[in-house]
Amino acid sequence: MSEETGTDESPTAGRLNAVRRFVPVALGLGLFALGVYALHRLLKPVKAADVIAQVRATP
């Protein structure tokens, strides 16, 4: 029995808990990376100078 937590935790349970903490973080980072990649691909044909010119042309 663990003195700190008061539970009987095997090494397998400890690894499973570590995986349970890591998976949501990895999934979130993966989705964020996919979003950045999608924006990069979608905005590739857009030129910054054209956007700035259109913003300045708006009344």
Can you list the other members of the hydrophobic cluster that holds [X], where links are side-chain heavy atoms under 4.5 angstrom apart?
{"X": "V51", "answer": "L43, V46, V55"}
{"X": "L29", "answer": "V25"}
{"X": "V23", "answer": "V19"}

With sequence neighbours left out, what residues match R21 under side chain to side chain contact (heavy atoms under 4.5 Å, CB included)?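 Scan of R21 (side chain to side chain contact (heavy atoms under 4.5 Å, CB included), adjacent residues dropped) gives N17, A18.
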Kindly write out the residues that satisfy side chain to side chain contact (heavy atoms under 4.5 Å, CB included) with T58, not counting sequence neighbours, or none if the list is empty.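 Side chain to side chain contact (heavy atoms under 4.5 Å, CB included) list for T58, sorted by chain: empty.
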